[in-house]
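Here the structure is a predicted model, which is why all the values come from computation and not from measurement.
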Amino acid sequence: DTPALVVSTVDQAGSRLLFQGYGMSEYARPVHAGLTGCDSAFVLDEAHLSQPFAQTLQRAARWCAIAQVPVARPPVLVQVTATPAAASKTVVTLDKADWSHPEIKNRTSRPKLVALQEATEQEFAPRAANAARDFLQQPNVQVVGVIVNRVQAARDIFNRLRGIPGLDAFLLTGRIRPFDREALLSQLLTRCHATRQRDPNSRPTIIVATQTIEVGANLDFDALVTESAPLSALKQRLGRLNRLGLRDSAQALILHRLSDKSPRPDPIY
């Protein structure tokens, strides 16, 4: 037996677990199901985005545990996330030594001052664009993030900011072609990556994005404008505000969209 460390997507691992491996013959599927589900452990990154897969693994483990003739030990699941969907009896968190570490202390103790405002459908885009520009007028604020829930809203805000003299504006959404996305990220990382070299003379920058930057984006904004969203999503977005704790404090604005057509919540959430 040779231990294996496999890096995979949710779709590839999940299809194998359920005897439906993508691109495999019907004869190979049981083999991969056995390799995936027997004596295995899963570390599910950004688990808050993959709860159906987490539930599938938990059910598979439950069936393995009650089998009259066990084939192998049930799969082990470790969920890695800053915003867990539900409380668990076994949670690994920071301990006392971690909290006292200088870098972690800076990241977790710097205050983030948040204001909440309401805006109608017509007011939303101009209010968000103006708020981002207002933040740039504050001392030592060079990079402002604007995160909204819809692609069209992001485009509307971006169009109001593009072409303004002395200001660089970027649009980042999940619908960008991979080639364009990589080219755009290469420009963005020098402006807003958490470990970037901070130059006090760099041009003011506003990054307008959708939820696409809530995952796997090690970005660091000096100020933030965000559309209202569930608390777990807001935590992810605020995690990109003063990410390394290099500022004594940081400010954010939450804009709550008032729908003119229906009182129902945003269908995205």
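Residues R110 and N106 bring a donor and an acceptor atom of their side chains to less than 3.5 Å of each other.
Its side chain outside the 4.5 Å cluster rule for every partner, L113 clusters with none of the Ile, Leu, Val, Met, Phe, Trp and Tyr residues. In this structure, L161 belongs to a hydrophobic cluster whose other members, linked by side-chain heavy atoms under 4.5 Å apart, are F124, F135, L136, V141, V144, V146, V148, I157, F158, I164, L167, L171, I206, V208, V225, L253, L255. Chaining together hydrophobic side chains whose heavy atoms lie under 4.5 Å apart places L244 alongside L246.
S15 contributes a side-chain N or O that, together with a main-chain N or O of Q12, makes up a donor-acceptor pair within less than 3.5 Å. Q211 places a side-chain N or O within donor-acceptor distance of the main-chain N or O of N149, the cut-off being under 3.5 Å.
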Donor-acceptor pairs under 3.5 Å, side chain of residues 61-77 to any protein atom, not counting sequence neighbours: which ones?
from, atom 1, to, atom 2, distance (Å)
R73, NE, D39, OD1, 3.2

With a cut-off of 3.5 Å and sequence neighbours excluded, list every side-chain donor-acceptor pair involving residues 29-37.
from, atom 1, to, atom 2, distance (Å)
R29, NH1, Q20, OE1, 3.4
H32, ND1, R16, NE, 3.4
T36, OG1, H32, O, 2.6

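Every salt bridge (Lys or Arg N to Asp or Glu O under 4.0 Å) that E103 has, sequence neighbours left out, goes to R107. Qualifying salt bridge (Lys or Arg N to Asp or Glu O under 4.0 Å) partners for D95, counting only residues two or more places apart in sequence or in other chains: none. Scored by the side chain to side chain donor-acceptor pair (under 3.5 Å) test, D98 finds no partners at all (sequence neighbours excluded). Residues that satisfy the side chain to side chain donor-acceptor pair (under 3.5 Å) test with T93, not counting sequence neighbours, are absent from this structure. Taking D168 as the reference, R191, R203 meet the side chain to side chain donor-acceptor pair (under 3.5 Å) condition, with sequence neighbours excluded. The side chain to side chain donor-acceptor pair (under 3.5 Å) search around N242 returns none, not counting sequence neighbours.
A salt bridge links D220 to R198: one of the charged nitrogens lies within less than 4.0 Å of a carboxylate oxygen.
Listed by first and then second residue, the side-chain hydrogen bond (donor to acceptor under 3.5 Å, both in side chains) pairs that reach into residues 124-147 are Q117-R127, Q138-Q251, Q142-S202, sequence neighbours excluded.
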